[in-house]
Novice: 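Below: one structure in structure tokens.
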Amino acid sequence: MSSQQAQSTAQKITRVGVIGAGAMGHGIAQVFAQGGFNVKLNDVSLDFINSGIRKIEANLSRSVEKGKMSEDDKKAALSRVLPTASLDEFKDREFVVEAVLEKIEVKRDVFKKLDRICGRDTVLASNTSSIPITELAALVSNPQRVAGMHFFNPVPVMKLIEIVQALQTSISTIEIIRALSLRLGKTPVVVKDNAGFVSNRVVCPMINEAIFAYEQGIASKEDIDTVMKLGMNHPMGPLELADFVGLDIVLDVLDVLYREYEDPKYRASPLLRNMVRAGYLGRKTKKGFYEYP
Ligand code: CAA
């Protein structure tokens with residue numbers, strides 16, 4: 001498929017599937033629905049899916065209150081999100097992105113099911129932040145249609161999409177995802193499949209270094225965050241960001257970087273590891289470096 005054909009294929013896509021209705025998945029479903037796509041949203045139970053849809057509704061309502069969206073557009077976007085309890089209903093999807101748990105066994109299972117259910121040419125993307133796309137692509141019969149489509153939290157706000165090219169990914173798959181990203185109003189960047197891609201390879205060691213500095217008593221957590229906010233113009237300090245992303249996710253990424261590159265510079269701070277063991281995962285558990293009553 002030529003680059004032009006890939007772009008024309010992408011322009012015609014209307015039926016999208018999103019697997020996972022959690023923090024990333026519901027945001028991904030929202031931006032596709034706002035972009036005019038018809039979205040089937042799947043998760044392990046209808047309760048999870050409906051909770052994701054309620055979050056989309058709350059986000060859209062906030063935009064209506066701020067005068068950034070009309071009530072009619074909100075209703076239209078919501079009507080484009082269809083809760084779908086069974087993955088079997090994904091057989092009519094032209095494009096699927098998964099945002100399930102960052103566990104390799106769970107993702108493997110999803111890709112094997114998609115291979116069985118979806119058409120041979122359905123483009124399959126993963127929103128993973130740490131699992132090799134090359135490994136996921138190897139699980140399906142037509143691996144050149146698999147790539148990473150890495151969104152950032154909060155999805156409706158963050159402009160970047162990292163498109164991750166596995167060893168098997170075809171150029172036309174990359175072109176299709178690039179064109180879809182532009183249709184969502186995002187800015188795509190293509191990176192080769194390597195641990196942490198670019199985003200997490202850079203940001204997680206920065207967060208880790210801030211945790212080491214905190215552990216060593218160099219400064220208070222508030223001061224470490226202030227240095228990076230006021231000195232470097234980051235919207236959040238690294239410890240606030242760790243809480244926002246989830247300490248378990250940061251640790252998973254660091255462990256992958258450490259394992260893959262075998263370089264001690266990626267060694268996770270003992271404090272980070274202990275906080276994860278304690279269940280202090282950040283905002284989602286109401287306690288991380290800060291408390292969220
Ligand atoms: N969902 C939707 N919209 C949201 C939102 C959410 N969860 N949180 C904030 N917003 C919107 C607000 O409605 C507001 O919109 P308007 O400008 O239209 O009014 C806008 O974002 C700014 O929000 P606030 O004024 O409430 O707060 P803020 O100015 O402090 O911004 C923030 C909040 C956008 C989250 C900002 O702090 C920020 O950019 N933080 C850094 C986020 C970041 O680095 N994300 C990447 C994490 S790494 C990752 O996701 C990848 C990975 O693999 C781990």
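Ligands are counted one by one from 1 in listed order, and the atoms in each one are counted from 1 as well. Just so you know, these numbers come straight off a predicted model, no measurement behind them. Hydrogens, waters and symmetry mates are skipped; everything else that's a heavy atom, side chains included, is used.
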Novice: What residues, two or more places apart in sequence or in another chain, satisfy side-chain hydrogen bond (donor to acceptor under 3.5 Å, both in side chains) together with Arg267?
Specialist: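 Testing Arg267 for side-chain hydrogen bond (donor to acceptor under 3.5 Å, both in side chains), a comparison that skips the adjacent residues, returns none.
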Novice: Answer yes or no: is there an ion pair linking Arg273 with Asp255, defined by an N-O contact shorter than 4.0 Å?
Specialist: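 Yes, this pair counts.
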Novice: Could you tell me which non-hydrogen atom of Asp225 sits nearest to which non-hydrogen atom of Leu239, and how far apart they are?
Specialist: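 Residues Asp225 and Leu239, closest heavy atoms: OD1-N, 2.8 Å.
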Novice: Assess whether side chain to side chain contact (heavy atoms under 4.5 Å, CB included) is satisfied between Phe111 and Val96, documenting all intermediate values.
Specialist: CA-CA 10 Å; Phe111 271 81; Val96 177; over 6 Å; no
Novice: Using a 3.5 Å cut-off on N/O to N/O, what pairs does ligand 1 make with the protein? A line per pair would be great.
Specialist:
unit_1, atom_1, unit_2, atom_2, d
ligand 1, 3 (N), Arg62, NH2, 3.3
ligand 1, 13 (O), Lys66, NZ, 2.8
ligand 1, 15 (O), Lys66, NZ, 3.3
ligand 1, 18 (O), Lys68, NZ, 2.4
ligand 1, 19 (O), Lys66, NZ, 2.7
ligand 1, 45 (N), Asn153, O, 2.8
ligand 1, 50 (O), Asn153, N, 3.0
ligand 1, 53 (O), His150, NE2, 2.7
ligand 1, 53 (O), Asn200, ND2, 3.0

Novice: Arg108: which residues meet the side-chain hydrogen bond (donor to acceptor under 3.5 Å, both in side chains) condition with it, sequence neighbours left out?
Specialist: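 side-chain hydrogen bond (donor to acceptor under 3.5 Å, both in side chains) check on Arg108 returns Glu135.
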Novice: Would you be so kind as to tabulate the donor-acceptor pairs closer than 3.5 Å made by side chains of residues 149-156, with sequence neighbours excluded?
Specialist:
unit_1, atom_1, unit_2, atom_2, d
His150, ND1, Glu162, OE1, 2.8

